[in-house]
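Since we're looking at a predicted model, the values are computed, not measured. FYI, the numbering just counts along the sequence from 1.
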Amino acid sequence: MLRTRNPVHALSPSDRDAALEVCAQNLPANVFVAARLLEGVLSTQPGTVLGHKVGGTLESLCWSSANLVPVEADDEAIGFFADRVRRWRRHCASVLGPSEQVTELWRLLEPAWGPARAVRARQPLMSTMDRPSALGLELDQRVRPATEAEVDLVMPAAAHMFEGEIGYPPYTGSGAAYRSALLSLIDRGHTFVAIEDGAVIFKADVGSVALGCAQLQGVWLAPHLRGHGFAVPLMASVVEQVMETRARWVTLYVNDFNESARATYARVGFEDVGTFSTVLL
């Protein structure tokens, strides 16, 4: 079958509002890309967001940087995105997003890009709009935004979380670039911590905020405190503060095999609203 000319193109700043409308169709799933759009990525990193138009109307997107993230893409659009990015293998570390879209995108890319290092096929996407205090939950008063001076306390906790989740350390050598990325989150007030005896015992980051929705990531509790009932009040405090200061709608995704984390999030008020998949390359 003859393939029509690929209609996918790199979006420009003039496409921003239309792209945000596409993201808003399922904001918990698409908040990562929406946040990058609001941060001005179409001006600062041209070529990073690809768009698929039908009859002149923008229908779907694909974030195409260190990660590939499809947004509201049907099979036809995914085919065009795959054709466009197939030669970019060395630039990408993962493919992630709503399961159906990621599964199809990886099916098309795997012959050229595979094998994957790991595939997390089912990652429940969860969200809540209920303030934990309104649910009668205890809030751990130790949780607060980290300060710039605490970046070197945050770094070991963040690295431990990363390695446990991804399977390899987040940096080699001095870790200066990784430290800089953590400092950027802290400077924006996006890293929440609880500290005891000069060490971080709990952390969680706000990875993305857009259109009244915030996505949490990097949730970590010190191993020696796990299983003792601390997780729910710690997490409830983060959600309460995020709802007070950033967005009323809070979302996250978690591996399906992480039953303890899923139970904690459910007790804090999160409900399943979809399924993500992540292909680690």
(message) If the condition is side chain to side chain contact (heavy atoms under 4.5 Å, CB included), which residues does Ser12 pass it with, not counting sequence neighbours?
(response)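 Side chain to side chain contact (heavy atoms under 4.5 Å, CB included) list for Ser12, sorted by chain: Ser14, Asp15.
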(message) Which residues pass the side chain to side chain contact (heavy atoms under 4.5 Å, CB included) test with Arg107, not counting sequence neighbours?
(response)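 Checked Arg107 against side chain to side chain contact (heavy atoms under 4.5 Å, CB included); matches are Glu104.
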Please confirm whether the backbone N or O of [Y] pairs with a side-chain atom of [X], one donor and one acceptor, at under 3.5 Å?
X: His190; Y: Leu185; answer: no
X: Arg87; Y: Arg84; answer: yes
X: Gln101; Y: Glu72; answer: yes

Does any non-hydrogen side-chain atom of [Y] lie less than 4.5 Å from one of [X]?
X: Pro124; Y: Arg262; result: yes
X: Leu11; Y: Arg16; result: no
X: Gln141; Y: Ser237; result: no
X: Phe192; Y: Val242; result: yes
X: Glu165; Y: Arg120; result: yes
X: Tyr265; Y: Leu216; result: no

(request) Examine Arg36 relative to Phe32 and say whether NZ or CZ is less than 6.0 Å from the centre of the six-membered ring and inside a 45° cone about the ring axis. (result)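 Positive - Arg36 is close enough to the ring of Phe32 and near enough to its axis.
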In residues 266-281, what donor-acceptor pairs under 3.5 Å come from side-chain atoms, sequence neighbours left out?
{"residue": "Ser277", "atom": "OG", "partner": "Ser99", "partner atom": "OG", "Å": "2.8"}
{"residue": "Ser277", "atom": "OG", "partner": "Ala121", "partner atom": "O", "Å": "2.5"}
{"residue": "Thr278", "atom": "OG1", "partner": "Gln123", "partner atom": "OE1", "Å": "2.6"}

(request) Of all the heavy-atom pairs spanning Arg144 and Gln241, show the shortest one and how long it is. (result)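 For Arg144 and Gln241, the tightest heavy-atom pair comes out as CA-OE1, 4.0 Å.
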(message) Between Lys203 and Glu150, does any NZ, NE, NH1 or NH2 come within less than 4.0 Å of an OD or OE carboxylate oxygen?
(response)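 No, this pair does not count.
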Output the distance between atom [atom1] ([X]) and atom [atom2] ([Y]), rounded to the nearest 0.5 Å.
X: Asp140; Y: Ile201; atom1: CG; atom2: CD1; result: 7.0 Å
X: Leu37; Y: Leu61; atom1: CG; atom2: CG; result: 7.0 Å
X: Ser94; Y: Asn67; atom1: OG; atom2: CG; result: 3.5 Å
X: Asp187; Y: Thr147; atom1: CG; atom2: OG1; result: 10.0 Å

(request) Show your working on salt bridge (Lys or Arg N to Asp or Glu O under 4.0 Å) between Arg179 and Asp152 and close with a plain yes or no. (result) CA-CA 8 Å; Arg179 185 180 187 276; Asp152 291 319; 2.8 Å; yes
(message) Tell me whether Arg122 at atom CZ has more than 12 heavy atoms from other residues, nucleotides or ligands lying less than 6.0 Å away.
(response)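 No - once you tally the heavy atoms of other residues, nucleotides and ligands closer than 6.0 Å, there are 12 at most.
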